[in-house]
Each structure stands twice: as structure tokens, then as C-alpha cells.
Colleague: 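Dropping a structure here in C-alpha cells format, bear with me for questions.
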There are 2 protein chains.
Amino acid sequence: MSDQLKLDTFICFAVYTASHAFNRVYKPLLDELGLTYPQYLAMVCLWEEDGQTVGGLGEKLFLESSTLTPLLKRLETAGYIRRERSKQDERVVVLRLTEEGKRLQERAETVPGCIIDASGHDADQLARLQAEIIALREALNKSAS
Amino acid sequence: MSDQLKLDTFICFAVYTASHAFNRVYKPLLDELGLTYPQYLAMVCLWEEDGQTVGGLGEKLFLESSTLTPLLKRLETAGYIRRERSKQDERVVVLRLTEEGKRLQERAETVPGCIIDASGHDADQLARLQAEIIALREALNKSAS
DNA sequence: GGTTTTTATATCGCACACGACATATTATGG
DNA sequence: CCATAATATGTCGTGTGCGATATAAAAACC
């Protein structure tokens, strides 16, 4: 048996399963809003700054256009955003919140608190852990690029 | 603007993007072995203990049969495992490594070291961080159940 | 200014991931 | 012993994710 090939020792596996665990906690909350988790992230991004492009959103979310385009079309079908070609540069698609999309933000404001409660940690612990996970992510992204 | 609805403050988003970052680092390494990342996890699990059931693997990997069955069929098609109904209990499917599946372990032994290198952390830092992420996962799973 | 290159988005194929449901087998209770 | 419940796996539909490729528009370069 290898010294290294043990699931228990894989931090990647801890991250992978923690990501699924977050999804399970989010699911009932986001069902209320008619959003999936990645759709929720896109909406959070647009609530922070309306009128972003597909590419800009992709950079913030670390997602390709092949992932975002169908997701954004579903948000458009749901009535939360509009996708408009830019007049200045016809290659670019600008994303704009609809009135319904803006109203959704109010209903979403209770979500982060529920997640923090479910995490069983206080805000300081979470912030510290988050910073470490981001440092790990940046090291991995640097190595993969 | 909400106090809470900011992507920067979401630990879930850090975990979600870190998980993707791991995948990007693993991809070229696992391509050599003809495995995807979830398939690799399943193989690691079977290298640790051959002859496990679908359900047993699912408990360890936190995956449903609806995810595992197609994945395991692909591993069978690739020639790495066999899926056999148990004689004692015909409901159960037992997973057994083929000779090729066993040989693959040797080629996989260099992978964990590459991942540790790419993480930019030493083994102690990773172990400490892993323990914290697992604690977070357990709290989330407890809350969701 | 017309050709080439770059850029932004979209499409397609493949592989997860899960909830809801189906099927088959075993266990249970009268 | 027979009906019912519980268990293990599988199927199906929906929604990611991404690599490879396509398309169209803008930029760069003779």
C-alpha cells in the first residue's frame, strides 16, 4: 500500500466534499428563490455591480463562457436579467438586472446568515479559514497556469 | 447594498473555486491515467480496500448511486474494475479491481506529491487546513441532515 | 484598405451531481 | 406464508463545468 494514496490525507477531497456540503445547505434556501447555487453566485455578482459583461462575470466567478452562457440564458428565461449586445462593441454581451432581479436581492438577504449558522463557526473563524482557502486556491491557479 | 451579499465574504465561494482549482491541477496528471477526478477518488478508495460495494463507496465519497453507477460503468468499460452482483445478497453490487486496475496504482503514486507541490504549502500546513475544512464539512452535513 | 490576428461569446460533446422515481431483492409482520 | 416494508442499485431529467471548436466583430499590420 502506498504511503500517499489514502483518501484521508487528501486536502482536495476535503475541499471537494465541503463544496458539496455547502450545496446541500444552500439548496432549500435557494429553491425558495428559484435559483441554483451557481446562478445565485452570478446574481450576487450582478447585485454588487449591474451591467457587467459575460467575460467580466467569468473572471470573478472563475468560469468559462461555455458554462456561463447557458446559465445566464436560464436567468434570462427566469426573468431576472437581460442579455444585451453592447452598442460600442458588438462582440460583448452586457448583463442587466430586471426589476424582478433587483427585487430578488431583498429576499436573498437572509441567506448568508443561514449559511453562517449552518457552518457552526463564528464570523472570525470563517474569515480566517476563508483567507487560507483563498491562498491555497491562488497557489493552485498559479501552478496550473 | 446589503452588508452580507458580497462574494468576497463568502467562504462557500472560496471552497467552490478552490475545488475547481484542484481540478485544473489534477487534469493533466489524471489524463495520463485515463481518469477523471471523481473516477480517481473511486480508484483510490478501491486501492485502499478492494471488494467494496456501491453503497460503501458512496458513503466514503459522499455520492449517490445515481452519480456512482454511471461513473463505475465507465471505470468498468476502461478495464479498471469489475461490477459483480453479490451471491449472498443479489441487491448488492461488489466492485473488484482488475489486474490493470491494480497496476494503475503504481502509476498513480506520483500524483499526490505533484498536488502537494502545486499547493505551495508544506505537509503540516495542509494537514492543519484539511482538518479545519473537514470540521466545516461535518458541521454543514449535520445541519443539512 | 484589405488581410491577418485577436477577442468575446456561443455551441457541442462528455462527465459529473443530485432529486425523483423505478426495479429487484431481502426482511418483516401478521 | 403471504403481503408489506425496507434496502440496494439503476434510470431519467436538469443543471453545471470544461475543452475544443465555431462565429462574428474589432484590432493590428502591412
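Chain letters run A, B, ... following the sequence lines, proteins first, then strands; residues in each count from 1.
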Colleague: Check the distance between D:dC18's P and A:L71's CG and give it to me in whole angstrom.
Modeller: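 After rounding, the reported distance stands at 12 Å.
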Colleague: What's the CD-P distance between B:E59 and D:dT9, to the nearest Å?
Modeller: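 After rounding, the reported distance stands at 10 Å.
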Colleague: Provide, to the nearest angstrom, the distance between the NE2 atom belonging to A:H20 and the P atom belonging to C:dG19.
Modeller: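 Spelled out: NE2 on A:H20 to P on C:dG19 is 11 Å.
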Colleague: Starting from C1' on C:dA15, measure out to CE on B:M43 and report it in whole angstrom.
Modeller: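 Checked: the CE to C1' distance equals 17 Å.
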Colleague: From the list C:dC16, C:dA17, D:dG10, which nucleotide is the closest neighbour of the side chain of B:L63?
Modeller: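 For the B:L63 side chain, the nearest candidate turns out to be C:dA17.
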Colleague: Could you please name the option among C:dT6, C:dA10, D:dG10 that lies closest to any side-chain atom of B:V93?
Modeller: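 Nearest nucleotide to the side chain: D:dG10.
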Colleague: As a test of reading the structure: which of C:dC16, D:dC18, C:dA10 is closest to the side chain of A:S66, going by heavy atoms?
Modeller: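 The answer is D:dC18.
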Colleague: With distance as the sole criterion, do the side chain of A:R91 and the base of C:dT7 form a donor-acceptor contact below 3.5 Å?
Modeller: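 Counting by modelled atom types and ignoring angles, a donor-acceptor contact under 3.5 Å is found here.
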Colleague: Consider the side chain of A:K73, meaning its heavy atoms from C-beta on, and name the nucleotide among C:dA15, C:dA10, D:dT9 that approaches it most closely.
Modeller: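 When the side chain of A:K73 is considered, C:dA10 is the closest of C:dA15, C:dA10, D:dT9.
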Colleague: From C:dA10, C:dA15, D:dG15, pick the nucleotide closest to the side chain of A:R85?
Modeller: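 Side chain of A:R85 sits closest to C:dA10.
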Colleague: Using whole Å, what does the distance between atom P of nucleotide C:dA15 and atom NZ of B:K27 come to?
Modeller: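 Nearest whole value for this atom pair: 11 Å.
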Colleague: On DNA chain D, nearest-nucleotide positions of A:Q88 versus A:P70: which is more 5'?
Modeller: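 Closest to the 5' end, via its nearest nucleotide, is A:P70.
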Colleague: Look at the side chain of A:S65 and the base of C:dA8, then say whether one donor and one acceptor between them are separated by less than 3.5 Å.
Modeller: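 There is none.
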Colleague: Round to the nearest Å and state the distance from A:L72 atom CG to C:dT11 atom P.
Modeller: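 From A:L72 CG to C:dT11 P: 12 Å.
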Colleague: Between A:E49 and A:K60, does any side-chain N to carboxylate O distance fall below 4.0 Å?
Modeller: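 Yes, charged N to carboxylate O under 4.0 Å.
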Colleague: Can you tell if the side chain of B:L29 reaches within under 4.5 Å of the side chain of B:Y40, non-hydrogen atoms only?
Modeller: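 Of all side-chain heavy-atom pairs linking B:Y40 with B:L29, none is under 4.5 Å.
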Colleague: If only side-chain N and O atoms count, and only distance matters, is there a donor-acceptor pair under 3.5 Å linking A:Q88 with A:S86?
Modeller: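 Judged by distance alone, the side chains do pair up.
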Colleague: Roughly, in whole Å, what's the span from CZ in B:F62 to P in C:dC18?
Modeller: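 One finds 11 Å between P of C:dC18 and CZ of B:F62, rounded.
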Colleague: Output yes when at least one side-chain N/O atom of A:R74 is less than 4.0 Å from OP1 or OP2 of D:dT16, else no.
Modeller: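 Yes, within the criterion.
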Colleague: Which of these passes side-chain contact (heavy atoms from CB on, under 4.5 Å) with A:F13: A:I11, A:T17, A:T9, A:V15?
Modeller: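 Only one option passes, and that is A:T17.
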Colleague: Classify B:L68 by what it touches in the nucleic acid, base, sugar-phosphate, or nothing, heavy-atom distance under 4.0 Å.
Modeller: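 Contact class for B:L68: none.
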Colleague: Quick check on C:dA15: is either OP1 or OP2 less than 4.0 Å from any side-chain nitrogen or oxygen of B:Q39?
Modeller: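 No, B:Q39 has no side-chain N/O under 4.0 Å of OP1/OP2 on C:dA15.
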Colleague: D:dT9, D:dT16, C:dC16: which one has an atom nearest the side-chain heavy atoms of B:T36?
Modeller: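 Among the listed nucleotides, the one closest to the side chain of B:T36 is C:dC16.
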Colleague: Have a look at B:T67 and say if it touches a base, only the backbone sugar-phosphate, or nothing, with a 4.0 Å heavy-atom cut-off.
Modeller: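 Result for B:T67 = base.
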Colleague: Any non-hydrogen side-chain atom of A:E76 less than 4.5 Å from a side-chain atom of A:L95?
Modeller: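 The answer is no, as the side chains (C-beta and beyond) never meet within the 4.5 Å cut-off.
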Colleague: Please compare A:T69 and B:E90 by the position of their nearest nucleotide in DNA chain C and report the one closer to 5'.
Modeller: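 Checking each residue's closest nucleotide, the 5'-ward one belongs to A:T69.
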Colleague: Check B:D8 with B:K6, please: is the shortest side-chain N to carboxylate O separation under 4.0 Å?
Modeller: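 No, no charged N to carboxylate O under 4.0 Å.
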Colleague: The side chain of B:Y16 is closest to which nucleotide in this list: C:dA10, C:dG19, D:dG17?
Modeller: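 For the B:Y16 side chain, the nearest candidate turns out to be D:dG17.
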Colleague: Between atom CG in B:D31 and atom C1' in C:dC14, what is the gap in whole Å?
Modeller: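 One finds 13 Å between C1' of C:dC14 and CG of B:D31, rounded.
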Colleague: Between A:E64 and A:D89, which is nearer to the 5' end of DNA chain D once each is assigned its nearest nucleotide?
Modeller: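 Nearest nucleotide further toward 5': that of A:E64.
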